[in-house]
Peer 1: 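Got a structure for you, written out below as structure tokens; questions coming shortly.
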Amino acid sequence: MPWVVRDAVDEINRAVGRRWQGLDRLLPPTAELPEGCAAPFVTTGANGRPAGLAACRHEHVPAGTLHQTWGTAHRFSLIARLREADTSAALDDLLRQWRDHLAGLPGTGADDTAAMITWPARDVSGVNTLLRHALQPITVIAVRPARPEPAGLGPAGPEPGPAGDASMVIREAGPADLDAVTELEMGVIRYDALFGSAILRSATEELVRAETQAALAVRPVWAWLAERDGEPAGLVNVQPPGQSRWIAGMTRAGVTVYLQTMFVRPGERGRGVGAALVRHAHAVLGARGVDTTLLHYAQMNPLSAPFWNRMGYRPLWTGWEVRPSASLR
Ligand SMILES: CC(C)(COP(=O)(O)OP(=O)(O)OC[C@H]1O[C@@H](n2cnc3c(N)ncnc32)[C@H](O)[C@@H]1OP(=O)(O)O)[C@@H](O)C(=O)NCCC(=O)NCCS
């Protein structure tokens, strides 16, 4: 990268890091622009200086990986860094450049492709521009700090509730629970597939089973089952800090874990099972020194947003997509 562009990148990264901290203290403190498929797109402000930069990254997700269940097989992502509080004009310019770039690439009109952008949830100045370019909000990355945020910045954690009913037990999941945990994991994938945030593949169930088998062998345990009268009623499954590194950079520094699965069987919902599981998991995570928990939910899932809000989570990032990728306007 020429030094003039490198200087602009460093300067914008620093400015964006400061702007993000003003918007949301749980965003990462720095905003590094990663290497893209070519030189970054540049948009110029009224003063003639770069007002924003963006990198395009191409990801081809192999069949036979669980990663392909969580999105399209071919993903084109824009990572945008915009310095002004009102991002709309600069974002519009970068999206136009990106659209023209994608239009010139082979295969971007094919099924199983997406153009994607992950946008800070509180940076509301960009929302209308994203919509105008045909992007749709598909997923939310939600965050819960182990210690409540200062008043006015977000919901506090839930109040301790009354003790659960005696027929329900919460216990660690172990290797003998492979069938039950696989089925509950598949329950949430099937449900998320209704909202476009998961895509069921022919290999999904087999891959979930293999991943579950590995997760249940880990000690200490990071997955818990709720059982009513000895029958599995719900599951919460957390990736330990070492396995959560893939997403930990989306928030502040500290010990971060990713809450991978939360599922309560349909007939058991609305009776406090989910809350009891999450409260239990939070207590253990707190004791293990976890500072921040992240999770995904589908924007259109009618059950998850109110539930996670009650559990102390709130939106941090929104995942916007258009499928196929050449449909970006
Ligand atoms: C989301 C889910 C786990 C909630 O489990 P649940 O056992 O029904 O939740 P609970 O009964 O423990 O509810 C806990 C709190 O959330 C509230 N809540 C739960 N679902 C709600 C909904 N759809 N609308 C409004 N509030 C809701 C409850 O009223 C309760 O609040 P309270 O503390 O004020 O009483 C369950 O609906 C589910 O498995 N859904 C399908 C899979 C899914 O969406 N998983 C999450 C994907 S990220």
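Index from 1, following the sequence. Atoms considered below: every heavy atom in the structure, side chains included; atoms not considered: hydrogens, waters and symmetry mates. In each ligand, atom 1 is the first atom listed, and ligand 1 is the first ligand listed.
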Peer 1: Identify whether NZ of Lys or CZ of Arg in Arg269 sits under 6.0 Å from the centre of the six-membered ring of Phe263 and within 45° of that ring's axis.
Peer 2: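 Yes, a cation-pi geometry holds between Arg269 and Phe263.
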Peer 1: Check this for me - ligand 1, Arg310, N or O atoms closer than 3.5 angstrom, yes or no?
Peer 2: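 The answer is yes, given that Arg310 and ligand 1 share an N or O pair closer than 3.5 Å.
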Peer 1: Can you figure out which of Phe195, Trp308, Tyr313, Phe307 has its heavy atom closest to atom 9 (O) of ligand 1?
Peer 2: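 Minimum heavy-atom distance to atom 9 (O) of ligand 1 goes to Phe307.
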Peer 1: How far is atom 44 (O) of ligand 1 from its nearest protein heavy atom, and which residue and atom name does that atom have?
Peer 2: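 Protein heavy atom with the smallest distance to atom 44 (O) of ligand 1: Asn301 ND2, 2.8 Å.
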Peer 1: Any idea which heavy atoms bring Ser244 and Val257 closest together, and the distance?
Peer 2: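 For Ser244 and Val257, the tightest heavy-atom pair comes out as OG-CA, 3.5 Å.
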Peer 1: Mind checking whether Gly187 has a heavy atom under 4.0 Å from ligand 1?
Peer 2: no
Peer 1: On a heavy-atom basis, which atom in His133 and which in Asp92 lie closest, and how many Å separate them?
Peer 2: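 Where His133 meets Asp92 most closely, the heavy atoms are NE2-OD1, 2.6 Å.
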Peer 1: Do Glu59 and His67 have a side chain donor and acceptor closer than 3.5 Å?
Peer 2: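 Result is yes, a qualifying pair exists.
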Peer 1: Ring centroid separation for His282 and Tyr313, is it under 6.0 angstrom?
Peer 2: yes
Peer 1: Distance to 0.1 Å, residue and atom name: give those for the protein heavy atom nearest to atom 12 (O) of ligand 1.
Peer 2: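 Scanning the protein heavy atoms, the shortest distance from atom 12 (O) of ligand 1 goes to Ala275 N, 2.8 Å.
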Peer 1: Return yes when atom CZ of Arg245 has more than 12 non-hydrogen atoms of other residues, nucleotides or ligands closer than 6.0 Å, and no otherwise.
Peer 2: no
Peer 1: Among protein heavy atoms, which sits nearest to atom 6 (P) of ligand 1, and what does the distance come to when rounded to 0.1 Å?
Peer 2: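 For atom 6 (P) of ligand 1, the nearest protein heavy atom comes out as Gly270 N, 3.7 Å.
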Peer 1: How close do Val273 and Ala226 get, counting heavy atoms only, and between which atoms?
Peer 2: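 Between these two residues, the closest heavy atoms are CG1-CB, 3.6 Å.
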Peer 1: Just heavy atoms, cut-off under 4.0 Å: does Tyr191 contact ligand 1 by side chain, backbone, both, or neither?
Peer 2: side chain
Peer 1: From atom 20 (N) of ligand 1, work out which of Leu303, Val140, Val278 has a heavy atom at the shortest distance.
Peer 2: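 Minimum heavy-atom distance to atom 20 (N) of ligand 1 goes to Leu303.
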Peer 1: Quiz question for you: does at least one protein heavy atom lie closer than 4.0 Å to atom 42 (C) of ligand 1?
Peer 2: yes
Peer 1: Under 4.0 angstrom from atom 48 (S) of ligand 1, is there any protein heavy atom?
Peer 2: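 Given the 4.0 Å cut-off, atom 48 (S) of ligand 1 counts as touching protein heavy atoms.
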Peer 1: Pick whichever of Met262, Arg190, Arg269, Gln260 has a heavy atom sitting closest to atom 36 (C) of ligand 1.
Peer 2: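 Checking each option, the heavy atom nearest atom 36 (C) of ligand 1 is found in Arg269.
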Peer 1: Using a 4.0 Å cutoff against the non-hydrogen atoms of Pro302, which atoms of ligand 1 qualify?
Peer 2: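 Going through ligand 1 atom by atom, the ones under 4.0 Å from Pro302 are 23 (N).
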Peer 1: Based purely on interatomic distance, does Asp192 place a nitrogen or oxygen under 3.5 Å from a nitrogen or oxygen of ligand 1?
Peer 2: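 Checking ligand 1 against Asp192, no N or O pair falls under 3.5 Å apart.
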Peer 1: Counting non-hydrogen protein atoms only, what is the nearest one to atom 27 (C) of ligand 1? Give residue, atom name and distance.
Peer 2: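 That would be Pro306 CB, 4.1 Å.
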Peer 1: With sequence neighbours left out, write down each residue that passes salt bridge (Lys or Arg N to Asp or Glu O under 4.0 Å) with Arg147, or none if nothing qualifies.
Peer 2: Asp291
Peer 1: Tell me whether ligand 1 is touched by His296 - counting only heavy atoms on the residue side and a distance under 4.0 Å.
Peer 2: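 Heavy atoms of His296 do come under 4.0 Å of ligand 1.
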Peer 1: Can you report which non-hydrogen protein atom sits closest to atom 5 (O) of ligand 1, along with the distance?
Peer 2: Val264 CG2, 3.7 Å
Peer 1: Can the ring centres of Phe41 and His101 be said to be less than 6.0 Å apart?
Peer 2: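 Between Phe41 and His101, the centre distance is under 6.0 Å.
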Peer 1: Hey, is atom 30 (C) of ligand 1 under 4.0 Å from any protein heavy atom?
Peer 2: no
Peer 1: For ligand 1, is any non-hydrogen atom under 4.0 Å from Ala276's backbone (N, CA, C, O), its side chain (CB onward), both, or neither?
Peer 2: neither
Peer 1: Determine whether more than 12 heavy atoms belonging to other residues, nucleotides or ligands lie under 6.0 Å from atom CZ of Arg288.
Peer 2: yes
Peer 1: Is it the case that over 12 heavy atoms from other parts of the model lie below 6.0 angstrom from the CG atom of Asn47?
Peer 2: yes
Peer 1: For Arg271, counting its heavy atoms only, list the atoms of ligand 1 lying under 4.0 Å from any of them.
Peer 2: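 So the answer, numbered in order with elements, is 11 (O).
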Peer 1: Are Trp98 and Phe76 close enough that their ring centres sit under 6.0 Å apart?
Peer 2: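 Judged by ring-centre distance (under 6.0 Å), Trp98 and Phe76 do not meet the cut-off.
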Peer 1: Using a strict cut-off of 4.0 Å, indicate which atoms of ligand 1 neighbour a heavy atom of Gly272.
Peer 2: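 Heavy-atom distances to Gly272 below 4.0 Å select 10 (P), 11 (O), 12 (O).
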Peer 1: Distance to 0.1 Å, residue and atom name: give those for the protein heavy atom nearest to atom 7 (O) of ligand 1.
Peer 2: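 Answer for atom 7 (O) of ligand 1: Gly274 N, 2.8 Å.
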Peer 1: Measure from the ring center of Trp119 to the ring center of Trp20 and say whether it is less than 6.0 Å.
Peer 2: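 No, the ring of Trp119 stays outside the 6.0 Å limit from the ring of Trp20, centre to centre.
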